2 protein chains.
Amino acid sequence: MRTSSRDIIFERLRQVGLRPTRQRVSLARIMFAQGDRHVTAEDLFTEAKGARVNVSLATVYNALHDFTAKGLLREIFLDTNRSYFDTNTGDHHHFYFERSGRLEDIPTDAIRIAGLPSAPEGATITRVDVIIRVND
Amino acid sequence: MRTSSRDIIFERLRQVGLRPTRQRVSLARIMFAQGDRHVTAEDLFTEAKGARVNVSLATVYNALHDFTAKGLLREIFLDTNRSYFDTNTGDHHHFYFERSGRLEDIPTDAIRIAGLPSAPEGATITRVDVIIRVND
DNA sequence: ATAGCTGCAAATGCTTTGCAAGGCC
DNA sequence: GGCCTTGCAAAGCATTTGCAGCTAT
């Protein structure tokens with residue numbers, strides 16, 4: 001894989017203001033190569049090792065947070081143990097299968113939220129999370 | 001405070017199948033004395049100490065989880081750091097003020113969710129969390 | 001009496017940090 | 001060259017666990 005001016009990942013990182021370092025490019029490739037995914041730091045770390053990409057776990061955390069801060073990922077909190085990073089940053093919600101820990105996207109238009117109260121004075125809504133917990 | 005047959009807290013614990021031990025009764029009193037609240041384990045531990053109630057932090061965690069398992073509390077996950085326990089177990093949602101970490105109830109009837117997708121085959125919906133994140 | 005609780009301290013496990021070495025522009 | 005990143009290992013922290021000693025019934 002070259003990092004020519006045509007390389008999408010490379011350019012995307014640069015666009016959002018992140019230096020396209022070897023590690024970030026490799027991790028981004030893994031994350032964004034497979035469509036929408038829900039990944040933990042440990043997941044990504046393991047995948048990277050499997051792909052012969054040498055990164056430290058700390059760098060994985062750094063990258064995930066950097067990507068999230070730049071809007072390339074969305075972080076989801078389902079329990080105290082770990083957080084998931086979602087490559088789908090568009091408007092959508094989630095099914096969370098509590099037993100298996102699996103997470104599934106629900107397209108926005110499947111749910112309509114009416115009467116969303118406006119944020120209190122001065123505050124702006126950052127985002128709305130809807131998590132439907134199910135027993136599987 | 002007596003633990004007579006008229007004691008609400010005492011009886012409530014027994015009703016749900018939890019032995020009304022000194023620690024549980026004391027913690028439940030603190031939790032349920034003040035209307036709807038959002039409390040962390042550490043919060044409750046601190047309050048207990050302030051009220052001269054001797055409990056270990058481990059017991060606070062045990063009690064919070066026992067109460068949650070019996071439907072007396074609802075656990076809310078907002079970030080990786082800690083979880084909150086909500087004394088309001090009724091149907092309602094939350095405003096989360098990301099900067100200050102404050103949590104505010106939104107009555108159910110303020111929001112209407114239409115077209116809630118039914119749970120996948122065989123699965124049942126445990127609960128629906130709606131968290132509106134705002135900048136404060 | 002006895003099954004269920006509590007307390008303490010140690011152990012977990014995810015995530016963050018400190019800091020020297022390395023790499024992008 | 002200068003500043004941002006990385007890597008490693010060492011913290012950090014909320015939460016859980018193990019187990020001996022209690023206690024509610």
Side-chain angles (χ1 to χ4, degrees), chain A residues 2-5 7 9-28 30 38-46 48-49 52-70 72-73 75-85 101, chain B residues 2-5 7 9-28 30 38-46 48-49 52-70 72-73 75-85 101:
Chain A
R2 304 167 54 217
T3 50
S4 72
S5 62
D7 189 301
I9 295 288
F10 198 93
E11 290 306 326
R12 189 97 181 82
L13 291 178
R14 187 172 276 158
Q15 272 173 34
V16 300
L18 291 175
R19 258 195 210 169
T21 62
R22 181 168 44 77
Q23 292 84 340
R24 294 216 270 227
V25 172
S26 299
L27 292 174
I30 295 173
H38 305 110
V39 176
T40 65
E42 203 68 42
D43 288 342
L44 182 53
F45 182 56
T46 303
K49 280 193 298 195
R52 300 257 151 40
V53 172
N54 279 325
V55 281
S56 69
L57 184 54
T59 297
V60 171
Y61 275 102
N62 285 337
L64 287 173
H65 288 148
D66 293 340
F67 295 171
T68 301
K70 299 299 187 180
L72 266 33
L73 293 176
E75 191 170 4
I76 306 172
F77 307 101
L78 300 165
D79 54 54
T80 328
N81 302 321
R82 57 163 131 277
S83 58
Y84 287 76
F85 292 85
Chain B
R2 303 167 53 217
T3 50
S4 72
S5 62
D7 189 300
I9 295 289
F10 197 94
E11 289 306 326
R12 189 97 181 82
L13 291 178
R14 187 172 277 159
Q15 273 172 34
V16 299
L18 292 175
R19 255 195 210 170
T21 62
R22 180 167 45 75
Q23 293 84 339
R24 283 182 179 153
V25 172
S26 299
L27 293 174
I30 294 173
H38 306 110
V39 175
T40 66
E42 203 69 42
D43 288 342
L44 182 52
F45 183 55
T46 303
K49 280 192 297 196
R52 299 257 151 41
V53 172
N54 278 324
V55 280
S56 68
L57 184 53
T59 296
V60 171
Y61 275 102
N62 284 336
L64 287 173
H65 288 148
D66 292 342
F67 294 171
T68 300
K70 299 300 187 177
L72 267 33
L73 293 176
E75 192 170 4
I76 305 172
F77 307 100
L78 301 165
D79 54 54
T80 328
N81 302 322
R82 56 162 128 279
S83 59
Y84 286 77
F85 292 85

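Naming: A, B, ... by sequence-line order, numbering from 1 per chain. These numbers come from the heavy atoms of this one structure, side chains and all, not from hydrogens, waters or symmetry mates. Here the structure is a predicted model, which is why all the values come from computation and not from measurement.
The phosphate of D/dG7 (OP1 or OP2) has a side-chain N or O of A/Gln23 nearer than 4.0 angstrom. For the OP1/OP2 pair of D/dT6 and a distance below 4.0 Å, the side-chain nitrogens and oxygens of A/Thr21 include at least one atom meeting the criterion. Taking only side-chain nitrogens and oxygens, A/His65 never comes nearer than 4.0 Å to OP1 or OP2 of C/dT15. Distances shorter than 4.0 Å separate some side-chain N or O of A/Thr59 from OP1 or OP2 on D/dG7. Within the 4.0 Å cut-off from OP1 or OP2 of D/dT15, at least one side-chain nitrogen or oxygen of B/Tyr61 is found.
D/dG7 atom C1' lies 13 Å from atom CG of A/Leu27, rounded to whole Å. Atoms CG (A/Leu78) and C1' (C/dC14) sit 15 Å apart, rounded to a whole Å. Across the protein-nucleic acid pair, A/Phe10 atom CZ and C/dG23 atom P stand 15 Å apart, rounded to whole Å. Between the CZ atom of A/Phe77 and the P atom of C/dC14 there is a distance of 16 Å, rounded to whole Å. Computed from coordinates, the B/Arg24 CZ to D/dT23 P distance equals 15 Å when rounded to whole Å. Note: CG (B/Asp66) to C1' (C/dA3) measures 15 Å, nearest angstrom. Atom-to-atom, CG of B/Leu57 to C1' of C/dT6 comes out at 13 Å; the value is rounded to the nearest Å. The CG-P distance, from B/Leu18 to D/dT25, rounds to 12 Å in whole Å.
Atom-to-atom distance recorded for B/Asn62:CG and B/Leu18:CG is 11.0 Å, nearest 0.5 angstrom. With rounding to the nearest 0.5 Å, the separation of CG in B/Leu64 from OH in B/Tyr84 is 13.5 Å.
When the nucleotides D/dT17, C/dT16, D/dT6 are ranked by their closest atom to the side chain of A/Asn62, D/dT6 comes out on top. Nearest nucleotide to the B/Pro20 side chain, out of C/dC14, C/dC5, D/dA24: D/dA24. The side chain of A/Ala58 sits closest to D/dC8 out of D/dT16, C/dC14, D/dC8. The side chain of A/Ser56 has D/dG7 as its nearest neighbour among C/dC14, C/dC8, D/dG7.
Side-chain contact between B/Lys70 and B/Gln15 is absent, with no heavy-atom pair separated by less than 4.5 Å. Looking only at side-chain heavy atoms (C-beta outward), A/Phe45 and A/Thr40 stay at 4.5 Å or farther from each other. Side-chain atoms of B/Asp79 and A/Glu75, non-hydrogen and from C-beta on, never get closer than 4.5 Å to each other.
Nearer the 5' end of DNA chain D, as judged by each residue's closest nucleotide, is the contact made by B/Ala41, out of B/Arg22 and B/Ala41.
The residue A/Ser83 sits close only to the backbone: its heavy atoms come under 4.0 Å of sugar-phosphate atoms, none of a base.
With hydrogens and angles ignored, a donor-acceptor pair closer than 3.5 Å exists between the side chain of A/Arg19 and the base of D/dC4.
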